[in-house]
Amino acid sequence: MLLLRYKSFLMANPTKYTIFKTKWGYFGLAAGGKGLLRTCLSCPTCKTAECHLLAGLHNPRFEKNLLKPLQDKIIAYFEGHPAKFATPLALNHLPPFTQNVLTACRKIPFGKTISYSQLAAMIGKPLASRAVGNALAKNPIPLIIPCHRVIRSDGSLGQFSACGGTKTKKKLLDLERKC
DNA sequence: GTCCCGTCCTGTC
DNA sequence: GACAGGACGGGAC
């Protein structure tokens with residue numbers, strides 16, 4: 001069902017993408033008609049980033065200067081400069097609960113962390129921490145939606161589904177704390 | 001520190 | 001519609 005919704009969304013919104021180099025490796029951005037669709041975080045090679053980014057996308061077209069201001073912000077971010085990513089996102093293909101979770105997650109300030117239960121409370125479902133974790137696991141736009149700022153209530157990191165796993169999550173948090 | 005159960009959403013059949 | 005699984009929380013031991 002969800003896959004069908006996602007496929008029809010992609011068919012209706014032909015995508016453009018770009019891969020660029022940052023201090024942490026190659027970063028990929030894919031955008032559809034209504035905004036940013038997907039990101040791929042600090043991959044070791046350009047090819048890996050491309051594979052992760054383009055899986056399942058309909059007829060993607062490479063565009064070197066796609067969302068250039070955002071590219072510059074991301075490069076600066078990995079060099080240790082605080083950044084706020086205000087780019088419009090295309091989340092319509094996701095279930096409403098997931099959209100709520102990801103939208104609330106965007107409000108977490110740079111360098112701050114909150115727990116899964118606090119994020120659950122922000123969307124009015126204080127007991128849905130586990131469901132919040134599920135929603136974050138489906139985050140197609142890591143970094144821009146800062147799901148790395150959501151940790152467990154006992155202070156441990158929890159999981160991270162983007163490229164690099166919990167190591168990347170820890171590195172991102174360390175980077176933001178140093179800024 | 002570990003176990004267990006409650007909670008709640010999603011995906012699959 | 002039912003059921004199982006999951007990036008969790010919190011109490012009991």
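Note that the coordinates shown come from a computational prediction; the quantities given were computed from them, not determined experimentally. The sequence lines fix the lettering, A, B, ..., with proteins before strands; numbering per chain opens at 1. Because only heavy atoms are used, hydrogens play no part in the values below, and waters and symmetry mates are left out as well, while side chains stay in.
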Considering residues at least two apart in sequence or located in another chain, which fulfil the side-chain contact (heavy atoms from CB on, under 4.5 Å) criterion with [X]?
{"X": "A/S161", "value": "none"}
{"X": "A/T168", "value": "A/L41, A/S42, A/F160, A/L172"}
{"X": "A/T98", "value": "A/L94, A/P95, A/L102, A/A135"}

Q) Of all of residues 152-177 of chain A, which get a heavy atom below 4.0 angstrom from DNA chain B, listed by number? A)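 Those residues whose heavy atoms fall under 4.0 Å from DNA chain B, taken from residues 152-177 of chain A, amount to none.
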(Q) Under the rule for side chain to side chain donor-acceptor pair (under 3.5 Å), what residues qualify as partners of A/N59, not counting sequence neighbours? (A)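 Partners of A/N59 by the side chain to side chain donor-acceptor pair (under 3.5 Å) criterion come out as none, since no residue qualifies.
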Can you list everything that forms a salt bridge (Lys or Arg N to Asp or Glu O under 4.0 Å) with [X]? Sequence neighbours excluded, please.
{"X": "A/K170", "value": "A/D174"}
{"X": "A/K16", "value": "A/E63"}
{"X": "A/K68", "value": "A/D72"}

At a cut-off of 3.5 Å, list every protein nitrogen or oxygen paired with a nitrogen or oxygen from nucleotides 6-9 of chain B, distance to 0.1 Å.
{"from": "B/dC9", "atom 1": "OP1", "to": "A/K125", "atom 2": "NZ", "distance (Å)": "3.1"}

(Q) Stem finding on DNA chain C, please: runs of three or more consecutive Watson-Crick or G-U wobble pairs, both distances under 3.5 Å, sorted by first number. (A)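 DNA chain C forms these stems: B:1-6 with C:8-13, B:8-13 with C:1-6.
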(Q) Taking ring-ring contact (aromatic ring centres under 6.0 Å, His included) as the definition, give me every residue that meets it alongside A/Y26, ordered by chain and number, with sequence neighbours left out. (A)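 Result, ring-ring contact (aromatic ring centres under 6.0 Å, His included) vs A/Y26: none returned.
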Under 3.5 Å, which donor-acceptor pairs link side chains of residues 74-83 of chain A to any protein atom two or more places apart or in another chain?
{"from": "A/Y77", "atom 1": "OH", "to": "A/E176", "atom 2": "OE2", "distance (Å)": "2.6"}

Q.
Check for me, please, whether A/L173 and A/L136 land in the same ILVMFWY cluster - side-chain distances under 4.5 Å, paths through other members count.
A.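 No, no single cluster joins them.
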